[in-house]
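Here's the structure we're looking at; comments come further down.
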2 protein chains.
Amino acid sequence: MLVTNISGVSHPKPVSARAEATRARLEATAVELFEVHGYEGTTTAMIAASAGVSEMTFFRHFRSKEGVLFDDPYDPLIVQAIAAQPTGLPPIRRVSAGLRAAWAAISLPDVETVRRRVRIAGTTPSLRAGMWANMARTEDGIVEQLVSDGTPEPIARMASAAVLAAMTAALTAWAADDSTMLGAMLSQAFDVIDGASRA
Amino acid sequence: MLVTNISGVSHPKPVSARAEATRARLEATAVELFEVHGYEGTTTAMIAASAGVSEMTFFRHFRSKEGVLFDDPYDPLIVQAIAAQPTGLPPIRRVSAGLRAAWAAISLPDVETVRRRVRIAGTTPSLRAGMWANMARTEDGIVEQLVSDGTPEPIARMASAAVLAAMTAALTAWAADDSTMLGAMLSQAFDVIDGASRA
DNA sequence: GCGATCAATGTTAGTGACTAACATTAGCGG
DNA sequence: CCGCTAATGTTAGTCACTAACATTGATCGC
């Protein structure tokens with residue numbers, strides 16, 4: 001539930017109401033603690049204790065400590081939007097146009113929640129990499145689509161990595177400054193990719 | 001000593017001959033063990049034991065296990081090359097042109113060593129992020145240069161993130177396939193950024 | 001209601017990366 | 001050869017994370 005899951009695809013876990021409640025409680029507790037003590041200053045033991053469960057239970061609901069912030073299920077919407085772009089475009093343009101379209105087509109459900117999370121990630125050096133890793137599946141999906149339309153794999157990977165990196169930069173810039181708007185930042189990022197941004 | 005240290009800038013540590021020898025022994029031992037048992041299958045205790053030192057000594061020479069593979073000191077050459085590009089170009093073009101020039105200007109001392117390391121990093125999911133983190137200082141340097149030439153900071157960060165991401169993709173693609181040449185891969189990456197790459 | 005069942009949680013014990021504090025050794029200059 | 005300091009060793013810890021097994025609790029057939 002961060003940024004590459006644009007349309008709100010949910011986890012396939014067949015969860016009971018109790019489990020879902022526990023997960024939600026852990027998630028909320030964790031984010032609050034991160035904001036107060038910082039990510040590194042918050043231990044998984046603290047999160048579990050504050051949520052009233054054992055540490056083991058924390059790891060049953062989240063793959064890792066990072067997993068509290070990053071666990072986007074793969075969202076096919078992005079890949080579909082890219083597939084819809086003309087194959088005649090240079091790959092990087094095709095990806096940027098696709099992402100532009102994907103973002104324009106939706107409206108994020110709870111923008112402020114996302115902003116809080118991205119802010120934590122953007123201000124913690126060790127988490128910047130995690131944000132990137134969270135997009136791995138999305139990158140793979142984009143690459144697969146480009147390749148199936150005839151783009152050589154290395155080229156496809158370079159193009160998607162570049163665009164997703166610019167997008168990530170846009171997200172962290174947006175999260176860091178409350179006066180900015182997500183749409184505007186993303187638009188700037190795609191403009192940068194398209195070489196349309198000057199100076 | 002990986003990829004963002006193009007001109008061989010060395011660490012500023014005032015090292016004795018003995019310490020340098022120990023460091024080199026640990027480094028070589030570690031890479032060999034990584035290649036045999038995989039990165040995750042190699043413990044720091046194994047590395048230390050194989051090198052004939054205590055585990056503590058390992059961490060005195062390397063910040064972390066990842067640090068064995070990634071510890072590029074910041075290389076000002078790249079930033080200089082970017083600074084030399086015309087300020088009239090769109091930021092992303094300026095960065096790609098600068099990196100193109102930087103890579104053309106040098107020849108990597110021991111290409112095969114680099115390839116071994118990048119291969120380990122590229123084939124270990126948890127290390128892909130580390131490669132990226134290793135370039136943080138370089139990214140910051142590029143951003144600083146662009147900003148001092150009038151580019152707004154968010155734009156500068158989007159542009160450098162995008163180009164470095166494409167470059168990283170080129171490096172992993174090169175390392176994964178022994179029949180490819182580094183220069184050709186990098187050239188392709190910059191072509192992708194410039195939108196010159198078709199299909 | 002009542003027990004059975006299975007998911008959800010707890011407990012315990014461990015591994016591996018990494019740190020801090022303090023003790024020891026080894027090589028160099030005098 | 002002595003002493004000094006850098007380099008290394010030892011010990012004892014913290015924290016993220018895992019495995020194996022025990023326990024609770026909600027829901028379902030009855």
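What you are looking at is a predicted structure, and each value in this text was computed from that prediction instead of being measured. All values below come from the heavy atoms of this structure, side chains included, with hydrogens, waters and symmetry mates left out. Here is how names work: the chains are called A, B, and so on, in the same order as the sequence lines, proteins then strands, and each is numbered from 1.
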*Does a sphere of radius 6.0 Å around CD in A/E144 hold more than 12 heavy atoms from other residues, nucleotides or ligands, not counting ones at 6.0 Å or beyond?*
no

*Charged N to carboxylate O below 4.0 Å: is that the case for A/D194 and A/R93?*
yes

*Might you confirm whether atom CE of B/M181 has over 12 heavy atoms from other residues, nucleotides or ligands at distances under 6.0 Å?*
no

*Rounded to the nearest Å, what distance is computed from the NZ atom of residue A/K65 to the P atom of nucleotide D/dT18?*
14 Å

_Whole angstrom value for the distance that separates P of C/dT19 from CZ of B/F62_ = 14 Å

*Using whole Å, report how far CE of A/M56 lies from C1' of D/dC17.*
8 Å

*Under 4.0 Å between a side-chain N or O of B/S16 and OP1 or OP2 of C/dC28?*
no

*Look at all strands and tell whether A/S54 reaches a base, only sugar-phosphate, or nothing, counting heavy atoms closer than 4.0 Å.*
base

_Check for me whether A/K65 meets the cation-pi criterion with A/F59, that is, NZ or CZ under 6.0 Å from the six-membered ring centre and within 45 degrees of the ring axis._
no

*What is the distance, rounded to the nearest whole Å, between atom CG of A/L26 and atom P of C/dT9?*
9 Å

*Where the side chain of A/F59 is concerned, which of D/dA26, C/dC22, D/dC17 is the nearest nucleotide?*
D/dC17

*Has A/H61 got a side-chain N or O lying under 4.0 Å from the OP1 or OP2 atom of C/dT9?*
yes

*asked:* Return whichever of B/R18 or B/T44 has its heavy-atom-nearest nucleotide of DNA chain C closer to the 5' end.
replied: B/T44

*Short side-chain N/O contact to C/dG10 OP1/OP2 from A/T57, under 4.0 Å*: yes

_Just N and O in the side chain of A/S64: are any of them under 4.0 Å from OP1 or OP2 of D/dA16?_
no

*Would you kindly confirm whether A/L99 and A/V111 end up in one hydrophobic cluster when ILVMFWY residues are joined by side chain heavy atoms under 4.5 Å apart?*
yes

*May I have the distance from A/L69 (atom CG) to D/dA16 (atom P), rounded to whole angstrom?*
13 Å

*asked:* Checking contacts here: which listed nucleotide (D/dT8, C/dT11, C/dC18) is nearest the side-chain heavy atoms of A/R60?
replied: C/dT11

*asked:* Can you measure B/M46 atom CE to C/dT15 atom P for me and round it to whole angstrom units?
replied: 15 Å

*Could you state the CD-P distance from B/E55 to D/dT10, rounded to the nearest angstrom?*
12 Å

*Whole-Å distance separating the CZ atom of B/R63 from the C1' atom of C/dT19*: 15 Å

